[in-house]
Amino acid sequence: MKDQVQLSEQTTSKPTHQQPKPITKLKESDGSFFAIFKFATKTQVLLMILGTLGGICEGAGMPLFSLFFGDIPNELNPEATNGTGGTDMVKAASRIALKFVYVGIGQLVAGYVGYSCWMSIGETIGIEIRRRYFKSLLHQEIAFYDSINPNELSGKISEECFNIQAGIGEKVVTFFQSMSMLVTGLIIGFIKGWQLALVLSAFMPVMGVAGAVFVLTMQKLTKINNEAYSRAGAVSEEVLNAIRTVVSLTGQVKETKRYDKILNENSGPIKKYSILTGVTVGFIVLALYGVYALGFFVGSVFIDQGTYNPSTDGPYNAGSVLTVFTAIMMASFTPTLATPCVKAFAIAKANAAKAFQIIERKSNISIEDPRGLKPTSIEGNIKFRDVVFAYPLKQERIILNGVSFDIRRNEKTAFVGESGCGKTTCMQLIERFYDIENGNGSVTLDGNELKDLNLKWMRENIGYVGQEPVLFATTIKENLMMAKEDATEAEVWDALKKANAADFVQGLPQKLNTFVGNNGTQLSGGQKQRLAIARAILKNPTILLLDEATSALDRKNEMEIQKTLDEISEGRTTIVIAHRLSTIINADHIIVFDQGKVVEEGRHAEL
């Protein structure tokens with residue numbers, strides 16, 4: 001009696017509500033390009049070093065050709081042979097040709113090492129980031145998905161990881177190659193003729209500025225495109241997943257227009273940045289041809305005037321001019337080669353920051369958390385005490401307002417009431433999809449707060465069947481074995497028999513190996529629901545949650561499945577959300593909800 005009085009006082013006391021803490025939001029962060037390599041192994045670090053050295057050697061090899069080009073006018077000049085004829089000229093040409101061959105072989109080896117190493121690194125690290133990205137998404141709490149559009153996630157993973165991989169593959173070795181070409185070209189040019197090299201270098205800042213503007217405009221253009229394509233991808237995935245509904249409503253034209261509208265939203269900014277990109281590319285090409293014009297003109301002036309060249313301790317000649325010109329030209333190509341690389345790095349950095357925000361985000365309710373109680377047995381007594389709850393994204397709307405009730409072990413408890421009164425919310429709190437904030441009541445299982453229990457252990461003891469059965473695009477057997485990975489084929493058939501699904505599965509050509517289609521589209525609604533029930537039965541849970549589990553069945557199957565559910569409910573705690581009277585007649589305990597409160601309790605005959 002004392003306990004009843006205490007319970008009555010708790011139930012009638014005025015509830016207090018603390019605002020639930022919002023879910024952890026993702027923070028904008030620029031991140032670091034080098035953070036992309038945080039998952040690299042020691043072997044991959046070694047490959048990075050080898051690949052970088054290969055790229056540097058390959059880049060340095062290009063300006064070396066300028067030395068041989070400079071030898072051509074001098075060595076192949078008839079006057080250089082002192083009148084001995086063409087034999088010496090052929091020998092000189094052979095020596096120069098061999099130098100070209102040797103450098104070419106060196107570049108072949110360096111290029112192979114550089115590109116093979118970095119492309120391998122980009123592929124392996126890209127796969128690792130994809131794996132961690134997907135794993136982290138699967139382990140986030142349900143509230144996280146309330147704040148985003150899940151249809152965009154598959155596109156985000158694909159797009160962001162592709163951009164990351166593109167920025168850490170061949171673009172890295174190309175960047176080192178171009179930087180090595182720049183440094184080597186400038187060194188050779190200034191050593192072989194610093195006056196001419198200084199004049200030719202005047203155009204390089206112009207090319208550098210134009211290249212920087214090109215990178216910024218392309219980065220902005222890519223961001224605008226990615227945002228538009230992400231939204232459009234979400235629409236296309238939504239429409240294609242519901243293609244039967246779209247076709248039945250003759251909504252093809254409407255959905256096409258909606259898709260086109262999203263794609264065309266950013267057409268104005270895209271045109272503007274595209275024009276700016278074209279202008280910057282034009283300036284780069286203009287500066288490049290300016291180097292050609294200036295180099296030949298100034299070089300001819302130096303030769304004509306006999307300008308002193310410290311490198312040869314004599315006047316400029318055709319060979320020195322050609323060497324300096326070619327070396328500086330090689331260096332001038334650097335902006336053209338490096339600009340796309342820098343752009344790829346910037347995009348990879350931005351996408352890595354987004355991906356790592358997800359990868360490093362700690363779920364507020366983590367299935368991987370090893371902490372928590374793991375009782376040796378579970379009875380199934382569940383108690384709600386003064387529970388006040390509002391969903392994190394709708395904190396102003398209280399769903400449960402001081403709810404208290406007991407769910408006794410081995411009994412069938414039914415939740416009834418109008419839509420939105422809190423029935424499904426109670427089930428979600430039992431599953432720990434959401435947590436109650438301190439001071440807003442408690443939910444206990446066998447006397448232990450749900451927060452104090454190990455989440456993985458707890459969910460292994462709870463089976464759930466919802467109104468809308470969810471099947472994955474795989475076989476019937478694999479769908480069922482998601483509940484119990486080590487289940488034998490006999491156990492699978494036994495679960496199907498208990499769910500009244502064995503007959504129709506036996507009638508299928510491939511039986512258990514039948515492919516069910518995307519979300520079970522190859523099966524009827526009733527067949528999908530029976531498979532979902534069989535999956536819950538295979539799990540053999542101590543606590544069974546049924547959210548209108550027979551809603552997709554016809555009258556005959558509903559009666560048969562309801563009988564089955566009554567049978568499998570024996571010996572376990574069962575909670576049923578019901579809208580039909582027929583599903584709760586045999587309930588041991590009925591709880592009536594109204595506007596977030598419990599207004600009545602008892603058996604069917606009592607109510």
Side-chain angles (χ1 to χ4, degrees), residues 31-67 102-126 128-129 162-191 197 201 204-205 207-212 214-216 218-219 222 284 288 291 326-352:
S32 168
F33 178 75
F34 297 103
I36 300 176
F37 304 100
K38 65 170 64 179
F39 304 127
T41 63
K42 292 181 179 179
T43 302
Q44 290 169 342
V45 172
L46 178 60
L47 289 177
M48 291 180 197
I49 297 173
L50 292 175
T52 301
L53 292 175
I56 292 173
C57 291
E58 184 185 16
M62 295 295 291
L64 289 178
F65 282 107
S66 64
L67 297 175
Y102 295 149
V103 174
I105 293 174
Q107 284 197 290
L108 172 65
V109 175
Y112 170 76
V113 172
Y115 280 93
S116 61
C117 287
W118 274 106
M119 291 183 71
S120 173
I121 291 167
E123 186 71 26
T124 53
I125 292 182
E128 180 65 16
I129 291 175
F162 175 81
N163 289 334
I164 292 171
Q165 184 174 333
I168 60 174
E170 72 276 5
K171 290 294 189 294
V172 177
V173 68
T174 302
F175 178 77
F176 281 114
Q177 173 193 347
S178 61
M179 290 297 102
S180 176
M181 186 188 302
L182 171 66
V183 174
T184 308
L186 290 176
I187 290 175
I188 293 175
F190 276 87
I191 288 176
S201 300
M204 295 188 66
M207 298 179 69
V209 172
F214 175 76
V215 170
L216 294 175
M218 284 300 297
Q219 187 175 352
T222 302
I284 292 175
L288 193 61
V291 175
T326 307
I328 298 301
M329 272 302 303
M330 293 289 183
S332 299
F333 276 115
T334 299
T336 306
L337 295 174
T339 297
C341 299
V342 175
K343 184 196 78 169
F345 297 158
I347 295 173
K349 174 185 171 182
N351 283 269

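Source: prediction; values computed, not measured.
Within the 3.5 Å criterion, the main-chain N or O of Thr41 finds a donor-acceptor partner in the side chain of Gln44. Using a distance-only test at 3.5 Å, with no hydrogens or angles considered, no donor-acceptor pair links the side chain of Glu58 to the main chain of Gln107.
In this structure, the side chain to side chain contact (heavy atoms under 4.5 Å, CB included) partners of Leu64, at least two apart in sequence or on a different chain, are Leu67, Ile188. Met48 is linked by a side chain to side chain contact (heavy atoms under 4.5 Å, CB included) to Phe37, Ala40, Trp118, Ile121, Ile125, counting only residues two or more places apart in sequence or in another chain. Under the side chain to side chain contact (heavy atoms under 4.5 Å, CB included) criterion, Ser116 pairs with Tyr112, not counting sequence neighbours. Among residues two or more places apart in sequence or in another chain, the salt bridge (Lys or Arg N to Asp or Glu O under 4.0 Å) test is passed with Glu123 by none.
Pairs engaging residues 34-53 under the salt bridge (charged side-chain N to carboxylate O under 4.0 Å, His left out) rule: Lys38-Glu360 [sequence neighbours left out].
With rounding to the nearest 0.5 angstrom, the CD atom of Glu128 is 13.0 Å from the CD atom of Gln165.
The two residues Ile36 and Ala348 make their nearest non-hydrogen contact at CD1-O, 3.9 Å. Nearest heavy-atom pair across Met179 and Ala338 is CE-CB, 4.0 Å. The heavy-atom pair separating Met62 from Met330 by the smallest distance is O-CE, 3.8 Å. In plain terms, the two heavy atoms of Ala344 and Ala166 that are nearest each other are CB-O, 4.4 Å. Closest non-hydrogen pair, Cys117 versus Leu47, comes out as CB-O, 3.4 Å. In terms of heavy atoms, Ile328 sits closest to Ala197 at CD1-CB, 4.0 Å.
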For residues 167-175, please give each side-chain donor-acceptor pair under 3.5 Å, one per line with the distance, not counting sequence neighbours.
residue, atom, partner, partner atom, Å
Thr174, OG1, Tyr115, OH, 3.0
Thr174, OG1, Glu170, O, 2.8

